[in-house]
Novice: 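Mind having a look at this structure? Questions to follow.
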Amino acid sequence: MQVDLRSDTVTRPTPGMREAMMAAPLGDDVYADDPSVNALQDKIADLLGFEGALFMPTGTQSNLCAILAHCQRGDEYIVGQMAHCYRWEGGGAAVFGSVQPQPLSHQIDGTLSLEEIEAAVKPDDAHYARTRLLALENTFGGKLLPMDYVRQATALARDKGLTRHLDGARLFNAAVAQAETGCDNPGAGGPPQGERGGNILAEARRIAQCFDSVSVCFSKGLGAPAGSALCGSRELLSRAHRIRKMAGGGMRQAGLLAAAASYALDHHVVRLAQDHALARRLAEGLTGIDGLVVEPPQSNMVFVELVGPARARAAGLLPFLAARGVLTSGLYRLRFVTHLDVDAAGIEHALSAMRDFFAV
Ligand SMILES: *Cc1c(COP(=O)(O)O)cnc(C)c1O
């Protein structure tokens with residue numbers, strides 16, 4: 001049995017998705033006449049409440065186009081130290097846009113402190129880069145940013161004259177987690193507030209509406225082979241469109257991919273709750289193993305710290321698991337990600353391989 005828990009990007013298109021791709025009407029999206037791309041852009045923009053959207057080959061390009069559309073050369077964006085659009089995108093905003101990042105460390109729940117955001121906004125003075133943008137990420141490292149926090153941080157940014165971008169690569173995981181907790185500030189342990197029982201799309205929209213632009217990935221938990229969308233105002237998107245072209249992201253019969261993304265929006269959003277449930281099941285099982293400190297998962301990612309004698313054996317673990325058909329990543333801190341191609345039997349198989357390794 002093969003269980004690939006390295007990432008939710010490893011999914012293969014389902015038969016239904018392949019059928020939707022084969023049936024997709026196509027055109028040339030550089031001429032803006034690919035009907036499947038146009039339909040997808042309208043669908044995601046409507047879903048999240050924006051004037052429009054642009055289909056992008058990757059989340060990296062989507063974030064890059066967003067940052068460069070928000071900022072000019074010599075501007076800066078405030079961003080988390082471990083945020084994807086700072087840490088994991090090759091420094092693209094600085095390399096291609098001469099936009100300087102102002103990274104801030106994350107608090108334990110993944111948020112950036114409001115005080116530090118405020119203090120990082122530079123006065124209008126020739127010594128400083130012009131602070132232009134706040135970029136947040138949700139989910140971040142598998143964690144749901146509390147809705148109260150998202151509101152406060154984005155309101156603060158607006159008051160300081162900054163625009164707001166959300167790297168929502170896993171926005172729908174955030175929406176599912178938020179619908180599950182039914183509470184605006186899970187960290188505070190308060191009672192569920194209101195009636196939001198399970199309306200995942202409404203939650204996605206509620207998060208997205210705090211921002212001027214939102215990037216979502218179809219190729220993560222949603223299970224499409226490639227593609228992201230950048231949502232925003234017409235004006236922002238006209239700048240992003242030019243940048244996408246410069247970045248080489250003007251695709252032609254991209255409707256093949258857009259059809260997969262559209263299928264994913266129709267069929268793979270609500271089911272994300274299953275991934276979250278399997279992540280909880282995995283975390284529960286791992287919690288019983290000596291030498292593992294397991295973070296209770298909030299979405300589809302389980303992080304496990306190896307401590308004590310378990311830590312000394314870390315180097316042997318991944319090869320042992322791989323030999324049993326279980327793929328994961330990390331060394332002292334492991335990451336297990338659930339997705340469309342993982343089922344309950346796969347999770348039990350991964351658990352038994354983990355138990356066997358640490359039993360001897
Ligand atoms: C994967 C990811 C991206 C980038 O997406 P690619 O399609 O791999 O370029 C951006 N942000 C976050 C949070 C991600 O997880």
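As the structure lists them, so they are numbered: ligands from 1, and atoms in each ligand from 1.
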Novice: Short list, please: which atoms of ligand 1 are under 4.0 Å from a heavy atom of Glu137?
Specialist: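 Taking each heavy atom of Glu137 in turn, ligand 1 has 13 (C) under 4.0 Å.
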Novice: When you measure from atom 10 (C) of ligand 1 to every protein heavy atom, which one gives the shortest distance, and what is it?
Specialist: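 Of the protein heavy atoms, His84 ND1, 3.2 Å lies nearest.
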Novice: How close does the nearest protein non-hydrogen atom get to atom 6 (P) of ligand 1, and which residue and atom is it?
Specialist: Gly59 N, 3.4 Å
Novice: Counting non-hydrogen protein atoms only, what is the nearest one to atom 9 (O) of ligand 1? Give residue, atom name and distance.
Specialist: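 For atom 9 (O) of ligand 1, the nearest protein heavy atom is Thr60 OG1, 2.6 Å.
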Novice: Hydrophobic clusters here meaning ILVMFWY residues chained together by side-chain heavy-atom distances under 4.5 Å, can you tell me if Met147 and Phe172 are in one?
Specialist: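 Same cluster.
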Novice: Is it the case that over 12 heavy atoms from other parts of the model lie below 6.0 angstrom from the CD atom of Gln209?
Specialist: yes
Novice: Please report which non-hydrogen protein atom sits nearest to atom 1 (C) of ligand 1, along with the residue it belongs to and the distance in Å to one decimal place.
Specialist: Lys220 NZ, 1.4 Å
Novice: Please list, in number order, the atoms of ligand 1 under 4.0 Å from a heavy atom of Thr58.
Specialist: 7 (O), 9 (O)
Novice: Do you know which two heavy atoms are closest between Leu134 and Ile117, and how far apart they sit?
Specialist: CD1-CD1, 4.1 Å
Novice: Look at atom CD of Glu51 and say whether more than 12 heavy atoms of other residues, nucleotides or ligands are closer to it than 6.0 Å.
Specialist: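 More than 12 heavy atoms, drawn from other residues, nucleotides or ligands, come within 6.0 Å of this atom.
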Novice: Just which atoms of ligand 1 are under 4.0 Å from any heavy atom in Glu89?
Specialist: 10 (C)
Novice: Working to the nearest 0.5 angstrom, can you tell me the gap between Phe218 CZ and Tyr263 OH?
Specialist: 15.5 Å
Novice: Test of understanding: given a 4.0 Å heavy-atom threshold, classify the contact between Asp167 and ligand 1 as side chain, backbone, both, or neither.
Specialist: side chain
Novice: Give a yes or no on whether Phe320 atom CZ has more than 12 heavy-atom contacts from other residues, nucleotides or ligands under 6.0 Å away.
Specialist: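 Atom CZ in Phe320 is packed in, count exceeds 12.
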Novice: Could you tell me if the side chain of Phe211 sits less than 4.5 Å from the side chain of Val150, heavy atoms only?
Specialist: yes
Novice: Ligand 1 versus Gln61, non-hydrogen atoms closer than 4.0 Å: side chain, backbone, both, neither?
Specialist: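 No part of Gln61 is near ligand 1 at this cut-off.
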Novice: Compute the minimum heavy-atom distance from Ser228 to ligand 1 and say whether it is under 4.0 Å.
Specialist: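 It does not, in that no heavy atom of Ser228 comes within the 4.0 Å cut-off of ligand 1.
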Novice: Rounded to the nearest 0.5 Å, how far apart are OG1 of Thr60 and NE2 of His84?
Specialist: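 Thr60 atom OG1 to His84 atom NE2 measures 5.0 Å (nearest 0.5 Å).
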Novice: Atoms of ligand 1 less than 4.0 Å from Cys217 heavy atoms?
Specialist: 5 (O)
